[in-house]
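Remember, it's a predicted structure, so these values are computed and weren't measured experimentally. Note that the numbering runs from 1 along the sequence shown for the chain.
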Amino acid sequence: MTDEIQKLTKATHLTENELKALKLRFNTRFNGTKTVSKEEFVGGSCLKKSSLFVAERLFEIFRPQAIERGVTEGIDFEAYAHMVSTFGPNAPLEEKMFVSLKLVVIDVFDF
């Protein structure tokens, strides 16, 4: 297990196998880049055009995590893993509700 996967196993609600599969998908979908721009993320989100707002908001919600790690543009795999983990079956309902609220409350409150 790589250090990155090991760290994320402890920090997310995903298993080692889920993280490995997610990393493979991240690398495949985004051409093996270490970070993904907002345009690439929204364009590669597989959402219907009417749901692109959700992809944009998710990117904006999880971008600060990447910034804290020194990522100057886009999001990295760690932020992506946290994003996916939040909506997984093992994530606490409170966490899902908090992120869902942040999706619809646009910069009105400082969450």
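Annotation: the span from Ser85 atom OG to Leu19 atom CG amounts to 8.0 Å, rounded to 0.5 Å. Atom-to-atom distance recorded for Glu40:CD and Phe59:CZ is 9.0 Å, nearest 0.5 angstrom. For the atom pair Ile75 CD1 and Ile61 CD1, the distance stands at 11.5 Å (nearest 0.5 Å). Atom CD in Glu95 sits 4.5 Å away from atom OG1 in Thr86 (nearest 0.5 Å). In this structure, CD on Glu73 lies 7.5 Å from CZ on Arg63, to the nearest 0.5 angstrom. With rounding to the nearest 0.5 angstrom, the CG atom of Leu14 is 8.0 Å from the CG atom of Asn90.
Shown here for Ala79 and Arg69, the closest heavy-atom pair between the two residues is N-NH2, 3.3 Å. The minimum heavy-atom distance linking Val42 with Glu56 is given by the pair CG2-CG, 3.5 Å.
Ring planes of Phe30 and Phe26: perpendicular class, angle over 60° (limits at 30 and 60°).
Of the possible polar contacts, none joining the Arg57 side chain to the Val104 backbone as a donor-acceptor pair under 3.5 Å is found.
Partners of Lys38 according to the salt bridge (charged side-chain N to carboxylate O under 4.0 Å, His left out) rule, which considers only residues two or more places apart in sequence or in another chain, are Glu60. Residues meeting the salt bridge (charged side-chain N to carboxylate O under 4.0 Å, His left out) test with Glu4, sequence neighbours left out: Lys23.
The environment of NZ in Lys34 is sparse: at most 12 heavy-atom neighbours from other residues, nucleotides or ligands sit within 6.0 Å.
Residues Val99 and Phe87 form a side-chain contact, since some pair of their non-hydrogen atoms from C-beta on lies under 4.5 Å apart. Side-chain atoms of Thr35 and Phe77, non-hydrogen and from C-beta on, never get closer than 4.5 Å to each other. Side-chain contact between Glu78 and Gln65: absent, with no pair of heavy atoms (C-beta onward) separated by less than 4.5 Å.
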Full working for side-chain contact (heavy atoms from CB on, under 4.5 Å) between Thr2 and Ile5: CA-CA 5 Å; Thr2 67; Ile5 298 295; 3.1 Å; yes

Worked check of side-chain contact (heavy atoms from CB on, under 4.5 Å) between Leu8 and His82: CA-CA 8 Å; Leu8 288 172; His82 280 281; 4.0 Å; yes

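Val71 and Val84 fall into different hydrophobic clusters, where Ile, Leu, Val, Met, Phe, Trp and Tyr side chains are chained together by heavy-atom contacts under 4.5 Å.
For Glu16 and Thr9, the side-chain atoms include no donor-acceptor pair closer than 3.5 Å.
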